[in-house]
Amino acid sequence: MNYFEGNYSGKNLKIAIVVGRFNSHFTEELVKGAKDCLIRHEVNQNNIDVFYVPGSLEIPFIIRQVAATNKHHGVIALGAVIRGETSHFDIVSNEVAKGIAQLNLTLSIPTSFGVITVDTLEQAINRSGAKSGNKGFDAALSLLETINLTNQLK
């Protein structure tokens, strides 16, 4: 029996981060976490490209455009959607998740999901670097593992 598992080496990888500016207090912390993870795992700082979009709903479109350049080994999607008084939260969180999932099935490079979808500001604080860690860091780590596993299949 053969087992395959990716590692976390970022050596010689070029990574894109696509991040929504909406709720930037939280998304900037997610970017810091993702960059911290990538650099700790040997991704050269000059091989990290960050693309800012207005909000989370625009993330999948730009991921597709970034992937089409064939310049990156993978993409990290970062955003923060916080529940408000209307159904806008449900629409945005569902559609961005569906869009990124669809891209993962159709693109030749992986995308990791680091869009936090929370009910409260406290939850956003916790997921962007406080009690629950940093989901940007987690998304970067997942991406590195997926890239390295994919490379074993070639």
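For this chain, numbers begin at 1 and follow the sequence in order.
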- Calculate, to the nearest 0.5 Å, the distance between atoms OG1 and CD1 belonging to Thr111 and Ile63 respectively. 4.5 Å

- Task: Considering non-hydrogen atoms only, spot the tightest contact between Asn134 and Ser128 and give its length.
- Result: ND2-O, 3.4 Å

- Item | Separation of Ile91 CD1 from Asn94 CG (nearest 0.5 Å) | 8.5 Å

- Distance col, row Ser56:OG vs Arg21:CZ, nearest 0.5 angstrom, shows 12.0 Å

- Gln45 atom CD, over 12 foreign heavy atoms within 6.0 Å: no

- Query: Take atom CZ in Phe22; do more than 12 heavy atoms of anything else shown fall under 6.0 Å from it?
  - Reply: no

- Query: Do the side chain of Glu58 and the main chain of Gly55 share a donor and acceptor less than 3.5 angstrom apart?
  - Reply: yes

- Message: So, applying side-chain contact (heavy atoms from CB on, under 4.5 Å) with His41, which one of Asp36, Leu141, Asn7 is it?
- Response: Leu141

- Item | Glu145 vs Glu5 side-chain heavy atoms within contact, under 4.5 Å | yes

- Task: Go through the structure and list residues passing salt bridge (Lys or Arg N to Asp or Glu O under 4.0 Å) with Arg83, not counting sequence neighbours.
- Result: Asp90, Asp119

- Give, for atom CD of Gln102 and atom CD1 of Ile100, the distance between the pair rounded to the nearest 0.5 Å. 12.0 Å

- Cluster membership besides Leu38, Ile/Leu/Val/Met/Phe/Trp/Tyr side chains within less than 4.5 angstrom, sorted by chain and number, is Leu13, Ile15, Ile17, Val19, Phe26, Leu30, Val31, Ile39, Val43, Ile48, Val50, Tyr52, Ile76, Leu78, Ile82, Ile116, Val118, Leu121, Ile125, Leu143, Leu144, Ile147

- Query: Shared ILVMFWY cluster between Phe61 and Ile109, side chains joined below 4.5 angstrom?
  - Reply: yes

- For the student: nearest non-hydrogen atoms of Ile59 and Ala77, plus distance: CG2-CB, 3.7 Å

- Are Glu95 and Leu57 close enough that some pair of their side-chain heavy atoms sits under 4.5 Å apart? yes

- Task: Mind checking the SG-OH spacing from Cys37 to Tyr8? Nearest 0.5 Å is all I need.
- Result: 9.0 Å

With a cut-off of 3.5 Å and sequence neighbours excluded, list every side-chain donor-acceptor pair involving residues 64-72.
from, atom 1, to, atom 2, distance (Å)
Thr69, OG1, Val66, O, 2.6
Thr69, OG1, Lys71, N, 3.4
His72, NE2, Asp49, OD2, 2.8

- Do you know the tightest heavy-atom contact between Gly114 and Ala139? CA-CB, 3.8 Å

- Message: Can a donor-acceptor pair be found, under 3.5 Å and without considering hydrogens, that links the side chain of Thr27 to the backbone of Gly79?
- Response: no

- Mind checking whether Val53 and Phe51 have side chains closer than 4.5 Å, heavy atoms only? no

- Task: With side chain to side chain contact (heavy atoms under 4.5 Å, CB included) as the test, would you mind laying out the steps for Glu42 and Ser9 before giving the verdict?
- Result: CA-CA 6 Å; Glu42 300 183 272; Ser9 173; 4.3 Å; yes

- Query: For the atom pair OG (Ser112) and CG (Asn104), what is the distance rounded to the nearest 0.5 Å?
  - Reply: 8.5 Å

- Query: Is the backbone N or O of Gln123 less than 3.5 Å from a side-chain atom of Thr120, with the two atoms forming a donor-acceptor pair by type?
  - Reply: yes

